[in-house]
Q: 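Pasting a structure below so you can have a look.
Position 1 is the first residue of the sequence, and the numbers go up from there.
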Amino acid sequence: MVKNYKCPGCGASMVYDEGTNCMVCEYCGTKVPVEQAKEESEASKRQSSETQNIQRQQMEGVKAYHCPNCGAEIVTDAHTAATFCSFCGSPSMMEDRLSGYYEPKYVIPFQIDKEHAVELFRQWTKKGIFTPRSFSSQIQLDKITGMYVPYWLYDYQVRTKMSAEGKNIRTEIHGDTEYIYTDHYDIYRDVEIDYNQIPVNASSKMSKDKMERLEPFDYKGMKQFQMPYLSGFQAEKYNQTEKELEPEAEVRAKQFAYEETRATIHGYDEVGSVHSSSDAQKERAEYAMLPVWILNYQYKNKDCMITLNGQTGRLIGKLPISTVKVAAIFICLTATIFLLILLLGGIIG
């Protein structure tokens, strides 16, 4: 490795100045003691090494492909499965990331096209009276991206045992006396339920909460995976394995079973002291691609995301609030109230 010492003043190379025990910059004349120059060089070396390690980590999994249409290089991160050529705009699928172990079994094709998705976003923004005008501009809405998000679909068999105390309260009147009777019941349930294709988002880039709130997907529209479905859209391969997400799927299966079992307890005036336990057995998990329209935007230096189910049109997100609009409406309301007070004062007077 080639080594030299840089001037802290101008960045030029420094040389040893005979008889002074200093390094001197022949360009600007800065002098630095030898020991200081050594320490600064070591610190710079450590910083350079850390920077290189960060860059190396960022580059892991990065791979270059060539566009089959124009031959340009397409550089992708470790998880991109479908994208576009940045030179000619041609859709490009990374076949090695969609085959073998990474080949999905199912796909739900997009049922909502970009034009329809943009219109749904536009209608949604109109619901926010404080939404900035720029947010619903055509330039902003043109950023909407269709993406196939990777999911694991789990099948679980869940057995739930539940006990509770039920009460029915009745009133009887005999003569001048009112009697209140409370009947107590011991309630017990032992329920077995099979759940098929519980979806769990398999991309760490996507918000778990947002993806769950986009549900449900209609599995009647699910197809056997074919790569042509991805052409013209972005796609991510999974970066969380079936095994890694199994605890999350089990929690969801048990929660579903609890809710269904609890719903069977009815016909009582009061239900208290509910206790339950569940045992969940995974039967299988299958890999699928599900369609989502995504609009990323930045407002006041904050990155935000709005998502839309590409099959059902269900939209999840939070509209930004314009402080200018809030202030304007507040001023208008204040002025209106002030005028009303003046008018009422004049009428009464």
Side-chain angles (χ1 to χ4, degrees), residues 1-2 48-49 51-119 121 137-152 201-207 211 221-241 286-298 303 305-311:
M1 183 175 69
V2 178
S48 176
S49 177
T51 301
Q52 290 176 359
N53 286 335
I54 292 172
Q55 291 175 341
R56 191 179 300 112
Q57 291 172 5
Q58 291 175 340
M59 289 297 290
E60 285 181 0
V62 172
K63 188 173 180 179
Y65 297 83
H66 286 91
C67 174
N69 186 54
C70 70
E73 190 173 65
I74 302 173
V75 179
T76 71
D77 67 15
H79 308 296
T80 299
T83 187
F84 298 89
C85 173
S86 58
F87 289 89
C88 70
S90 296
S92 302
M93 277 69 67
M94 288 63 202
E95 190 172 5
D96 59 323
R97 295 176 179 177
L98 293 167
S99 58
Y101 191 68
Y102 292 111
E103 181 178 6
K105 182 165 186 180
Y106 299 111
V107 61
I108 294 181
F110 275 87
Q111 297 299 308
I112 295 175
D113 61 20
K114 185 171 183 177
E115 183 179 351
H116 188 190
V118 167
E119 184 57 31
F121 274 111
S137 68
Q138 191 61 44
I139 294 176
Q140 178 74 10
L141 293 177
D142 281 342
K143 297 176 184 177
I144 188 172
T145 302
M147 176 175 287
Y148 281 100
V149 178
Y151 276 79
W152 289 106
N201 164 35
S203 171
S204 59
K205 295 181 182 180
M206 308 299 291
S207 162
M211 293 299 102
M222 193 149 58
K223 310 284 187 183
Q224 290 290 319
F225 177 77
Q226 299 290 334
M227 207 175 298
Y229 286 119
L230 273 56
S231 183
F233 297 94
Q234 300 277 359
E236 292 276 320
K237 75 174 182 64
Y238 67 83
N239 58 18
Q240 294 177 293
T241 66
E286 295 173 316
Y287 180 33
M289 293 279 195
L290 305 185
V292 178
W293 285 102
I294 298 171
L295 180 61
N296 289 304
Y297 69 94
Q298 190 177 70
D303 293 323
M305 177 190 288
I306 297 173
T307 53
L308 184 147
N309 187 314
Q311 181 196 35

Q: Could you name each residue pair satisfying salt bridge (charged side-chain N to carboxylate O under 4.0 Å, His left out) that touches residues 78-89, not counting sequence neighbours?
A: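 Counting only pairs at least two positions apart or across chains, no salt bridge (charged side-chain N to carboxylate O under 4.0 Å, His left out) contact touches residues 78-89.
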Q: Of all heavy-atom pairs between P104 and L98, which one has the smallest distance, and what is that distance?
A: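 Reported closest heavy-atom pair: CD-O, 4.3 Å.
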Q: Please report the interatomic distance SG(C85) to NE2(H66), rounded to the nearest 0.5 Å.
A: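 Taking SG in C85 and NE2 in H66, the distance rounds to 10.5 Å.
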Q: Look up atom CD1 in I74 and atom CG in N69, then write down how far apart they are to the nearest 0.5 Å.
A: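 It comes to 9.5 Å.
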Q: Evaluate L290 against M211 for side chain to side chain contact (heavy atoms under 4.5 Å, CB included), listing each step before the verdict.
A: CA-CA 10 Å; L290 305 185; M211 293 299 102; over 6 Å; no
Q: Nearest heavy-atom pair of T145 and K143: which atoms, and what distance?
A: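 That closest heavy-atom pairing would be OG1-O, 3.1 Å.
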Q: Shortest non-hydrogen contact from P91 to S231?
A: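 Smallest interatomic distance, heavy atoms only, reads CG-OG, 3.6 Å.
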Q: Stepwise, does the side chain to side chain contact (heavy atoms under 4.5 Å, CB included) test hold for L230 with F225?
A: CA-CA 10 Å; L230 273 56; F225 177 77; 3.5 Å; yes
Q: Show the numbers, then the answer: is there a side chain to side chain contact (heavy atoms under 4.5 Å, CB included) between E236 and T80?
A: CA-CA 5 Å; E236 292 276 320; T80 299; 3.9 Å; yes
Q: Per the salt bridge (charged side-chain N to carboxylate O under 4.0 Å, His left out) rule, what does the pair list look like for residues 86-96, sequence neighbours excluded?
A: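 The answer is K63-D96.
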Q: At what distance, to the nearest 0.5 angstrom, does CZ of R97 lie from OH of Y65?
A: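 One gets 3.5 Å once the value is rounded to the nearest 0.5 Å.
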Q: Roughly how far, to the nearest 0.5 Å, is CZ of F121 from OG1 of T307?
A: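 Result: 7.0 Å between the selected atoms.
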Q: Sub-3.5 Å donor-acceptor pair from the side chain of N201 to the main-chain atoms of M206, do we have one?
A: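 Pair found, side chain donor or acceptor close to backbone of M206.
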Q: Give the minimum heavy-atom separation between L308 and A117, together with the two atoms involved.
A: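 Closest pair (atom of L308, atom of A117, distance): CD1-O, 4.4 Å.
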Q: Okay, side chain of W293, backbone of I112: is any donor-acceptor separation there less than 3.5 Å?
A: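 Such a contact is found between W293 side chain and I112 backbone.
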Q: Quick one: which residue pairs count as a side chain to side chain donor-acceptor pair (under 3.5 Å) with a foot in residues 102-118, not counting sequence neighbours?
A: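 Passing the test, one end in residues 102-118: K105-E286.
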Q: Minimum heavy-atom separation for Y287 to K237, with atom names?
A: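 Smallest heavy-atom distance, with atoms named: OH-CA, 3.4 Å.
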Q: Taking Y148 for the side chain and Y229 for the main chain, is one N or O donor matched with an acceptor at less than 3.5 Å?
A: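 Flag set: sc Y148 to bb Y229 pair under 3.5 Å.
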Q: Show your working on side chain to side chain contact (heavy atoms under 4.5 Å, CB included) between M305 and I294 and close with a plain yes or no.
A: CA-CA 7 Å; M305 177 190 288; I294 298 171; 3.8 Å; yes
Q: Would you find more than 12 non-hydrogen atoms of other residues, nucleotides or ligands less than 6.0 Å from K205 atom NZ?
A: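 Enclosed: over 12 neighbouring heavy atoms sit under 6.0 Å from NZ of K205.
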Q: Check whether W152 reaches the backbone of Q240 with its side chain - one donor and one acceptor, N or O, closer than 3.5 Å.
A: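 A pair under 3.5 Å: yes.
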Q: State, to 0.1 Å, how close F87 and E73 come at their nearest heavy-atom pair, and which atoms those are.
A: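 So the two residues come closest at CE1-O, 4.1 Å.
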